[in-house]
Amino acid sequence: MAVLMLAGCALQRLPEPSPAPSPNPAPPVIAAPPVAAIPPVSTEPVTPPTPPTPPTQGNKRKPVIVPVLFGTNRIPLARVKGKAQGYGATRGPLVYGQSVVSIPPDRNKGEIPTPPSGFEDYAMFKNPMRYFRLLDANQISEKDIARITANFFKSKPGKRSGLVFVHGYNVAFQAAAFRAAQMSFDMELQSMPVFFSWASKAGTAAYWMDENTALQSVPDFKKFLTTYLGESKIDQVVIVAHSMGSRIVTSALVEMIDRDPKIAKKLLHLVLAAPDLDAAVFKEQVMPVLAGASVPVTVYASSRDRALQTSVKLHGFTRVGSAGKEIVFGDGLETIDASAIDTDFLGHSYFASSPSLIRDIGTLVVEGKRAASRPNLKPRPSELAPHYWQMRP
């Protein structure tokens, strides 16, 4: 980003030298500073793009409705016609809530079809048969968590499990709700979907602001997780943290375990997906605490993750989500090299958009199978034992 800004500055023409002053100069005229050319604003009505044609099969099926609990330190957006609009990008006090996400029936696993940016309010793009939709996002009290959790597990025998998702940088509240619902549905989890949404600015140019907000959000996540575990009376929880969200989760867990080691008994598994987290800090300060508390940890890394490649350049240090020569592994940690998986341009959300990775994480979470027992992984051997595992393409 800094290079582009400097390049942009370099492209500006130097001002022409001023002519020599005349014997009786007129008062100088101070010119306005140069500004970028702004295209004229069209008065013609905007024509929305044509929505894609849905598949011909399965159109009679109904959208899937997924309720998702959440905690957030975002300020709520104003309601429109009495309907909740979710939460914005400004940090505020921690609140709890329940969102309702509608998932279209005809899509591939991992896909989250949404309307084109700027056209969300057009009627044609509000079709729940084609697009994910946030139907509601209402604030609840801490006591409501117990009631909602009890209702969820009323017809589900066995242990009460929760899946807590923490998003990364450049993610809006609605996108976080969509991802939590999509993961829960696509992985066929019997766990209650929950997410924590910190006040990301949801903009590619706001990396440093998001980094600071993530640091500020550690106490809020600690309070949220403590409240959720206490009020829900959940037996065990799997935490999936993505990108910069890994910093929030690992910092909070280290502090919580140091204060009360018994908290680790409820942590069934910690999954760090493409973690934008300093590798040295993780190995020296985080993993000793987690391994000492017997918390199983799985890291998904990729050498094709362009977002993390940029983070390495910005910080000057290896990230835990990087693969290749700098891949992080060690005792108590199972590292999965997912570089063979096809990704989007940035390759940063592969953990939940790739069907094969969805199956792998689902097998880990639902069946509790470790890497050595999952058939789509092959070990990368060392002299004594596999250092890490590689995802088969």
Side-chain angles (χ1 to χ4, degrees), residues 63-103 112 114 120 128 131-154 160-168 170-185 189 191-202 210 213-214 216-234 237-242 245 248-249 252 352:
V64 179
I65 305 301
V66 182
V68 189
L69 278 177
F70 67 85
T72 186
N73 59 8
R74 298 173 182 263
I75 295 292
L77 298 173
R79 301 176 76 91
V80 176
K81 296 181 179 179
K83 182 180 179 298
Q85 299 299 302
Y87 293 75
T90 304
R91 182 168 170 256
L94 174 67
V95 296
Y96 307 89
Q98 183 177 35
S99 60
V100 181
V101 175
S102 171
I103 300 180
I112 301 182
T114 55
E120 295 86 354
Y131 303 107
F132 271 65
R133 297 203 63 204
L134 182 64
L135 302 182
D136 219 337
N138 288 314
Q139 187 172 331
I140 62 174
S141 70
E142 295 181 14
K143 298 301 181 184
D144 288 329
I145 295 174
R147 174 182 54 80
I148 293 170
T149 305
N151 289 338
F152 180 88
F153 288 106
K154 187 176 297 183
R160 294 152 60 105
S161 301
L163 174 74
V164 176
F165 171 63
V166 182
H167 63 78
N170 187 22
V171 175
F173 175 86
Q174 178 173 274
F178 287 171
R179 182 63 77 188
Q182 172 257 319
M183 287 174 55
S184 176
F185 180 73
L189 305 181
S191 305
M192 182 165 197
V194 182
F195 71 100
F196 174 77
S197 185
W198 52 283
S200 164
K201 292 296 182 184
D210 272 11
T213 303
Q216 295 171 343
S217 297
V218 172
D220 289 331
F221 178 71
K222 286 168 54 181
K223 182 179 179 182
F224 160 74
L225 186 59
T226 300
T227 300
Y228 171 64
L229 293 177
E231 295 293 339
S232 66
K233 296 182 175 56
I234 210 86
V237 64
V238 174
I239 301 177
V240 178
H242 179 225
I248 300 174
V249 170

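Residues take their numbers from the sequence shown, with the count starting at 1.
Contact annotation: the side chain of Trp198 approaches that of Val166 to within less than 4.5 Å [non-hydrogen atoms, C-beta and beyond]. Ile65 places none of its side-chain heavy atoms less than 4.5 Å from the side chain of Ile103. Here the side chains of Tyr87 and Val95 are in contact, with some heavy-atom distance below 4.5 Å. Residues Asn138 and Gln98 fail the side-chain proximity criterion, which asks for heavy atoms closer than 4.5 Å. Using a 4.5 Å heavy-atom cutoff, the side chains of Phe196 and Leu94 are in contact. The shortest side-chain heavy-atom distance between Phe173 and Phe70 falls under the 4.5 Å cut-off. Here the side chains of Lys143 and Arg147 are not in contact, with every heavy-atom distance at 4.5 Å or above. The closest side-chain heavy-atom distance from Ile112 to Arg179 is below 4.5 Å.
In this structure, CD1 in Ile248 is found 10.5 Å from CD in Gln216, a value given to the nearest 0.5 Å. For the atom pair OG1 of Thr213 and NZ of Lys201, the computed distance is 6.5 Å after rounding to the nearest 0.5 Å. Summarising the geometry, atom OH belonging to Tyr228 is positioned 11.0 Å from atom CZ belonging to Phe221; distances are rounded to the nearest 0.5 Å. Here the OG-CZ distance, from Ser102 to Phe178, works out to 8.5 Å after rounding to the nearest 0.5 Å. Rounded to the nearest 0.5 angstrom, Ser161 OG and Phe153 CZ are separated by 6.0 Å. Atom CZ of residue Arg133 and atom CD of residue Glu120 lie 11.0 Å apart, to the nearest 0.5 angstrom.
Around CZ of Phe152, the count of heavy atoms belonging to other residues, nucleotides or ligands within 6.0 Å exceeds 12.
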Exercise for the section: Give the C-alpha distance, both sets of side-chain angles, the deciding distance and a yes or no for side-chain contact (heavy atoms from CB on, under 4.5 Å) between Ile145 and Ile140. Expected result: CA-CA 8 Å; Ile145 295 174; Ile140 62 174; 4.1 Å; yes
Problem - Test log, rule side-chain contact (heavy atoms from CB on, under 4.5 Å), inputs Leu229 and Val237 - result: CA-CA 8 Å; Leu229 293 177; Val237 64; 4.0 Å; yes
Practice task
Show your working on side chain to side chain donor-acceptor pair (under 3.5 Å) between Arg74 and Ser197 and close with a plain yes or no.
Solution key: CA-CA 7 Å; Arg74 298 173 182 263; Ser197 185; 2.8 Å; yes
Exercise for the section: Check the pair Ser184 / Phe165 against side-chain contact (heavy atoms from CB on, under 4.5 Å), numbers first and verdict last. Expected result: CA-CA 10 Å; Ser184 176; Phe165 171 63; over 6 Å; no
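Summarising the geometry of Met192 relative to Ile148, their closest heavy-atom pair is CE-CG2, 3.4 Å, with the distance given to 0.1 Å. Residues Asn73 and Ser217 come closest through the heavy atom pair ND2-OG, 2.9 Å. Val101 and Ala177 get closest at one heavy-atom pair: CG2-O, 3.8 Å. Residues Leu134 and Gly86 share a closest heavy-atom pair of CD2-CA, 4.4 Å. When all heavy atoms of Pro193 and Pro67 are compared, the closest pair comes out as CG-O, 3.5 Å.
The pair Asp220-Lys223 does not count as a salt bridge, with every side-chain nitrogen at least 4.0 angstrom from each carboxylate oxygen.
Under the 3.5 Å distance criterion, with hydrogens and angles disregarded, no donor-acceptor pair is assigned to the side chains of Thr149 and Arg160. Judged purely by distance below 3.5 Å, without hydrogens or angles, the side chains of His167 and Ser200 never pair a donor atom with an acceptor atom. With hydrogens and angles left out, the side-chain atoms of Tyr96 and Thr227 include a donor and acceptor closer than 3.5 Å.
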